[in-house]
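Everything below concerns the one structure shown next.
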Amino acid sequence: SGQRHDKMNIQVLPEHKLSSVAPLKQCNVEKKEVELILVKDQNGVQYTSSSIIPTPGCHAGPPGSASEEDREIWGKKLDFLLSVIGFAVDLANVWRFPYLCYKNGGGAFLIPYILFLVIAGMPLFYMELALGQYNREGAATVWKICPVFKGVGYTVILIALYVGFYYNVIIAWSLHYLFSSMTSELPWLRCDNAWNSQNCTDPKTINGSIIGNGTSYAKYKITPAAEYYERGVLHLHESKGIQDLGLPRWELTLCLVVVVFILYFSLWKGVKSSGKVVYITATMPYVVLFVLLIRGVTLPGAMNGIRAYLHIDLKRLNNLEVWIDAATQIFYSLGAGFGVLIAFASYNKFDNNCYRDALLTSTVNCITSFLSGFAIFSVLGYMAFKHGVNIEDVATEGAGLVFIIYPEAISTLPGSTFWAIVFFIMLLTLGIDSAMGGMEAVLTGLTDDFKILKRNRKLFTFATAFGTFLFALLCTTNGGIYVLTLLDKYAAGTSILFAVLIEAIGVSWFYGVDRFSEDVERMMGFKPGLYWRLCWKFVSPAFLLFVVIASTLTSSGLNYDDYTFPDWSNVIGWGVAMSSMLFVPIYAMYKFFSVPGTLRERIAYCITPEHEHHLVAEGNVRQFKLSHWLAI
């Protein structure tokens, strides 16, 4: 047959291991190329040392998976690596990690951070990549390995969609700032613009003696930069609160249209198109970060900033909050659980070494976070020096850092227009490939589940992008920042932690770490070490449980600066969070009632991989044996 199959370089098992394998089965091939096909557990997975010539009944890949022909594959290995790095490295690496590190004991914060990376971050990252690559399916259909958990797939797809609603707006702000920077004098330099208030104060006149009364400079909302962000861009002063949104601002709406267009044309042809876009969006932030770092270090006061960033205060480690911060930061930073890694890995070649990829990309992500702190804190040191205040007065996180403090610092440098353009290009490229990842998770997850969507991929991509755009319009209104704050807290807070906890339990307990390890061995020719298996079965679920409980206990009411949200908005927030989480129990019940048989058989069908359902009829269910639950 004229079908093409990639060579699979997997060693044939040595003689002494053959005893544990079902009888050999020879596919009928020409005598020139004799193939040794080992069929294990009657599920048609092959180890072979020569190229495979497909014949009926002989296919590569896991049971029931899409064979190599009808699933597209990344053009190059680098397309995949850059996509994963581009997704994992996002705005939080720049605006959250450096501040957390500074606030939680500087260098000492790296101890819990690296610990959690090694015992939980990397294992979960590795698990998602292997899961997607072996099963060649998106986040929902990958659960053919344990059908009762398919609801988790829908949960993470919905969460990825929710995040797109507000994340794209932050990218639109960056674009707005980028366009605004293309002038000889930056618009947030002076007080005499149409949007400024009477109270606007020239930053040159603000020094330690004025601020001294307990407010930090970062909270000082009457500088030109702060007023440009809150009044010039957001028009926040025209809204009384979340109940008073107003109409979308046309400038932000146009920027949002551009962002959504970029997303659509990056994703419409699947990984063939998105795999090329990341060559720009994943590498550009590094070039810019490096340039900003060099510029930052040469500024007066920069060293004080860097010293403050790295000062080691081991006493902070006695504080539980530091450990919670490290755990949540690692979890959100790597982006395990959004269904993105599963989707990206599902387009890999079957024998790709995803173990090496997991270690490489998760390490790159964390090193980026650490290095961006130098670019940020050298500039904060310069700001503190200029105003004669302490570092803690200018240090801040989130949007206030990248849209107020940093732009203000840039505006005082010679050649400020150039630095501003460069900085906002970095924010734009940091955001865009993370948004692409999130949307790809939605597209792959649903097209794999509903074949009609797969046939109309371009139309479905357009519908998803357009739907995202319509919801995101809420965040471009005068009070849009309130909607954004609400979504940011609730859309992917507790719900994503819950989803990944269920996912980890589903794979390592119900499907079985031993079986999962065999799958990895089929792909790469080696079994994951005992360390990874222990982490998957015990450490990662325990870690996730810790983070879920900690985040629930430490969660406070919603507020934005001095504005406290009304109680009903918290109710809406929990409604958003529950709307995704409820897919798990609802789908489980649906599955249970839709399969035939006695109670015992129903449970068996729910927790047995789909390709083993014939064993249920024979009464041979491995989950009903103690050995399954004890295996590692």
Side-chain angles (χ1 to χ4, degrees), residues 6-11 45-47 60-63 65-66 68 71-89 117-118 120-139 141-145 156 271 274-275 278 282 334-366 437 440-441 444-445 448 500 503-504 506-508 511-533 535-537 540:
D6 290 272
K7 284 209 170 93
M8 299 171 64
N9 307 316
I10 302 180
Q11 279 92 32
V45 169
Q46 310 165 334
Y47 292 81
S65 78
E68 303 263 340
R71 191 167 191 85
E72 54 178 339
I73 296 182
W74 293 102
K76 288 196 185 68
K77 172 74 182 262
L78 194 58
D79 297 14
F80 166 68
L81 289 176
L82 286 176
S83 294
V84 173
I85 289 171
F87 164 68
V89 176
L117 169 67
V118 174
M122 279 179 174
L124 285 168
F125 205 83
Y126 180 17
M127 180 173 89
E128 287 225 327
L129 288 184
L131 198 58
Q133 185 175 308
Y134 181 78
N135 294 293
R136 313 184 72 78
E137 299 275 6
T141 41
V142 78
W143 287 103
K144 60 190 181 190
I145 63 170
V156 299
V271 295
S274 67
V278 289
L334 287 174
F338 284 90
V340 179
L341 301 174
I342 294 179
F344 280 162
S346 72
Y347 298 110
N348 274 333
K349 291 197 172 103
F350 186 69
D351 59 349
N352 169 57
N353 187 340
C354 59
Y355 172 58
R356 203 173 47 209
D357 298 347
L359 295 183
L360 175 75
T361 47
S362 52
T363 308
V364 165
N365 175 56
C366 294
E440 185 57 70
T444 299
D448 283 344
V500 185
E503 181 188 304
V507 173
S508 49
Y511 183 59
V513 166
D514 50 338
R515 225 182 332 194
F516 185 60
S517 303
E518 282 165 17
D519 294 347
V520 173
E521 189 177 6
R522 275 180 207 137
M523 290 190 291
M524 299 189 282
F526 59 86
K527 217 175 165 161
L530 181 64
Y531 172 76
W532 298 102
R533 302 202 300 275
C535 281
W536 285 331
K537 199 167 174 89
S540 300

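Everything numeric here is computed off the predicted structure, so don't read it as measured data. Heavy atoms only: backbone and side chains are in, while hydrogens, waters and symmetry mates are out.
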Once rounded to the nearest 0.5 Å, what's the spacing between atom [atom1] of [X] and atom [atom2] of [Y]?
X      : Y      : atom1 : atom2 : value
Ile342 : Trp143 : CD1   : CH2   : 7.5 Å
Asn352 : Met523 : CG    : CE    : 8.5 Å
Lys527 : Arg522 : NZ    : CZ    : 10.5 Å
Leu124 : Leu129 : CG    : CG    : 11.0 Å
Ile85  : Leu360 : CD1   : CG    : 5.5 Å
Asn135 : Phe350 : CG    : CZ    : 9.0 Å

Aromatic ring pairing Trp532/Tyr355, orientation class (parallel under 30°, perpendicular over 60°, tilted between): perpendicular
Taking the six-membered ring for Trp, are Trp74 and Phe80 parallel (under 30°), tilted (30 to 60°) or perpendicular (over 60°)? tilted
Could you check whether Lys144 pairs with Asp448 (Lys NZ or Arg NE/NH1/NH2 to Asp/Glu carboxylate O, under 4.0 Å)? no
Do NZ/NE/NH1/NH2 and the carboxylate oxygens of Lys76 and Asp79 come within less than 4.0 Å? no
Is there a side-chain contact between [X] and [Y] (heavy atoms, below 4.5 Å)?
X      : Y      : answer
Tyr531 : Val118 : yes
Arg136 : Ile73  : yes
Leu131 : Phe516 : yes
Val340 : Glu128 : no

Determine, stepwise, if the pair Asn365 / Phe125 fulfils side-chain contact (heavy atoms from CB on, under 4.5 Å). CA-CA 12 Å; Asn365 175 56; Phe125 205 83; over 6 Å; no
Atom of [X], atom of [Y] and distance for their closest heavy-atom approach:
X      : Y      : value
Pro123 : Cys535 : CG-CB, 3.7 Å
Gly337 : Val156 : O-CG1, 2.9 Å
Pro528 : Tyr126 : CG-OH, 3.9 Å

Is there a donor-acceptor pair under 3.5 Å between the side chain of Glu137 and the backbone N or O of Gly132? no
Apply side-chain contact (heavy atoms from CB on, under 4.5 Å) to residues Val507 and Trp536 and explain how you reach the verdict. CA-CA 8 Å; Val507 173; Trp536 285 331; over 6 Å; no
Under the side-chain contact (heavy atoms from CB on, under 4.5 Å) criterion, do Tyr511 and Asp519 qualify, and how do the steps go? CA-CA 11 Å; Tyr511 183 59; Asp519 294 347; 2.5 Å; yes
